[in-house]
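A short worksheet on the structure shown next.
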Amino acid sequence: MSDKIPYKIYLSENELPTSWYNVRADMKNKPAPLLNPGTGKPCTAEELSHVFCDELVKQELNDTDAYIPIPKEIREFYKMYRPAPLVRAYCLEKKLGTPAKIYYKFEGNNTSGSHKLNSAIAQAYYAKAQGLKGVTTETGAGQWGTALSMACSYFDLDCQVYMVKVSYEQKPFRREVIRTYGAKITPSPSDTTEVGRKILAEFPGTGGSLGCAISEAVEAATKQEGYRYVLGSVLNQVLLHQTVIGLETMTAMDKYGIKPDVIIGCAGGGSNLGGLISPFMGRKLRGEADYEFIAVEPASCPSLTRGSYVYDFCDTGHVCPLAKMYTLGSEFMPSPNHAGGLRYHGMSSILSQLYDDKLIEARSVEQTSVFAAAQEFARVEGILPAPESSHAIRVAIDEALKCKETGEEKTILFGLTGTGYFDMYAYKAFNDGTMSDYIPTDAEIAASLAKTPKI
Ligand SMILES: *Cc1c(COP(=O)(O)O)cnc(C)c1O
């Protein structure tokens, strides 16, 4: 049977999902609500609508509808770069000499180079439908800024991106892609916002962080008429949009009678992993099937494996609502790690709850072992993976090697979230042998966690 599975399983356009799947509808323990930091009470739709688009607020707060229809305009855009291929990694299996069957869902087939476009286009659509002038956001590694600038140019919306200063300086080409799509880009922290000026005064010369850039982008949105803030990960709405990944994968696998035993994804804010596993998790929650789910995070920013499950600020400037999540504390400053997209201090509330309910497991991996896996993968499968995605590759290879020892013929599925063409400094450090593995001490994490709000 396995010989008959093609290298790439593509779906046809009319097999694309017509609704997103909302896993919260099937969760017994719902993710905890966002809290207003002023009142300590759950944020109302009205409060959130000052920051986010109205329709996205509804999606954020919707814990009951399992399926949310994808508007036709978004489906039309998806058709330009989806369905994404599901690839059987025959060459990697052979190289590893494993009896395991390895599949990956490849999301790097668009200019942004990652899965981020799946949510960017949805968020831009709802902003346009509401008659807004534009949106503001932050970007760390740059993939989200690129995706959003593409989506905004498609819908003719103004786009203002606050880019973490170190990335802005280290990734000039990302910056130019973003500018090519017409977005305005500001290195963060900047002196263009109150919160940016405050952070600069407190930490002069800082290279910035996602938490800082979020604060600036939120302030910029609330101070301009006709603007809202959009975010590329962490939020429930983003996980929802990313379920196109899992829905397509499930349709493709069902078509060929393939059942994954282990499903693996890298976890920064949790959107690609949440999107990939949601439909499978739905089956598990409804008692229809069982799977093992593994979230992979960098050892330098280990929110699930070493953080606490508490209410925390989502940003450094404390302008956002509080979210209950596995967190390292909003002031946690991850060491310079090359997987910029995985450097956020917290984790999606949905994944945090699933992890707390022991429905998913988590592993942390060190940077050099991640790049070793990336190199091994690139040399046989051809694709040059993003550093973030390579965290999932690491654990997929580890699982496949375990099967080699035990002789088990497990089916392993992982999310290959993007390509690494803009991360060549990272590859250079690995190739030169100058890459290091920084792991925060317990004392550092405890100090940062001590500053989480007392709820
Ligand atoms: C942003 C990003 C991630 C991490 O974000 P999640 O929200 O955890 O998915 C992973 N891979 C790539 C390529 C990214 O751009």
Side-chain angles (χ1 to χ4, degrees), residues 84 104-120 123 137-150 163-164 167 171 174 177-178 210 213-214 230-246 263-278 293-298 301-304 314 323 325-326 334 337-352 354-355 360 362 364-365 370 374 377 383-395 414-423 426:
Y104 58 90
K105 179 73 167 169
F106 182 46
E107 290 291 325
N109 263 338
N110 68 78
T111 297
S112 80
S114 82
H115 64 286
K116 299 270 190 338
L117 194 54
N118 300 332
S119 183
Q123 299 196 43
T137 198
E138 77 295 327
T139 196
Q143 290 95 319
W144 170 245
T146 313
L148 190 70
S149 64
M150 291 171 72
M163 185 167 186
V164 177
S167 299
K171 298 188 171 187
R174 270 265 172 233
V177 178
I178 295 173
L210 270 181
I214 294 174
V230 296
L231 180 63
S233 183
V234 188
L235 295 174
N236 298 340
Q237 53 187 280
V238 183
L239 248 82
L240 177 74
H241 306 147
Q242 294 298 354
T243 60
V244 287
I245 304 173
I263 307 179
I264 301 164
C266 63
S271 74
N272 87 83
L273 177 68
L276 174 66
I277 70 173
S278 276
F293 302 103
I294 308 176
V296 190
E297 55 187 16
C301 193
S303 45
L304 287 172
C314 294
M325 56 188 176
Y326 275 86
N337 176 292
H338 291 291
L342 304 182
R343 293 184 60 196
Y344 187 63
H345 65 273
M347 184 58 63
S348 134
S349 296
I350 296 174
L351 288 188
S352 291
L354 292 169
Y355 179 64
I360 58 180
S364 70
V365 288
V370 165
F377 178 83
I383 295 168
L384 183 88
E388 292 88 352
S389 325
S390 305
H391 287 68
I393 300 177
R394 173 73 272 160
V395 170
F414 72 91
L416 187 67
T417 50
T419 48
Y421 307 129
F422 291 109
D423 300 283

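Remember, it's 1-based here, ligands and their atoms both numbered in the order they're listed. What you see below is based on every heavy atom in this structure, not just the backbone, and it leaves out hydrogens, waters and symmetry mates. Treat the numbers as computed from the prediction; the structure is a model and nothing was measured.
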_Can you confirm whether the side chains of T417 and S389 place a donor and an acceptor under 3.5 Å from each other?_
yes
*Taking atom types as modelled and ignoring hydrogens, do the side chains of N118 and Q242 form a donor-acceptor contact shorter than 3.5 angstrom?*
yes
Considering only non-hydrogen protein atoms, determine which one is nearest to [atom] and report residue, atom name and distance to 0.1 Å.
atom	value
atom 7 (O) of ligand 1	S233 OG, 2.5 Å
atom 13 (C) of ligand 1	T417 OG1, 3.3 Å
atom 4 (C) of ligand 1	G341 O, 3.4 Å
atom 2 (C) of ligand 1	K116 NZ, 2.4 Å

For ligand 1, which part of [X] has a heavy atom less than 4.0 Å away: the side chain, the backbone, both, or neither?
X	answer
L342	side chain
S348	neither
S114	side chain

*Within the distance-only criterion (no hydrogens, no angle test), does the side chain of E297 pair as donor or acceptor with the backbone N or O of S303 below 3.5 angstrom?*
yes
*Indicate yes or no for a side-chain donor-acceptor contact from K171 to the backbone of A141 under 3.5 Å, with no hydrogens or angles considered.*
yes
_Taking distance alone, with N or O pairs closer than 3.5 Å, would you say G268 contacts ligand 1?_
yes
_Interfacing atoms of ligand 1 (cut-off 4.0 Å, heavy-atom, E388)_ = 10 (C), 11 (N), 12 (C)
*Would you mind running through ligand 1 and noting each atom that sits below 4.0 Å from a heavy atom of H115?*
2 (C), 3 (C), 9 (O), 10 (C), 11 (N), 12 (C), 14 (C)
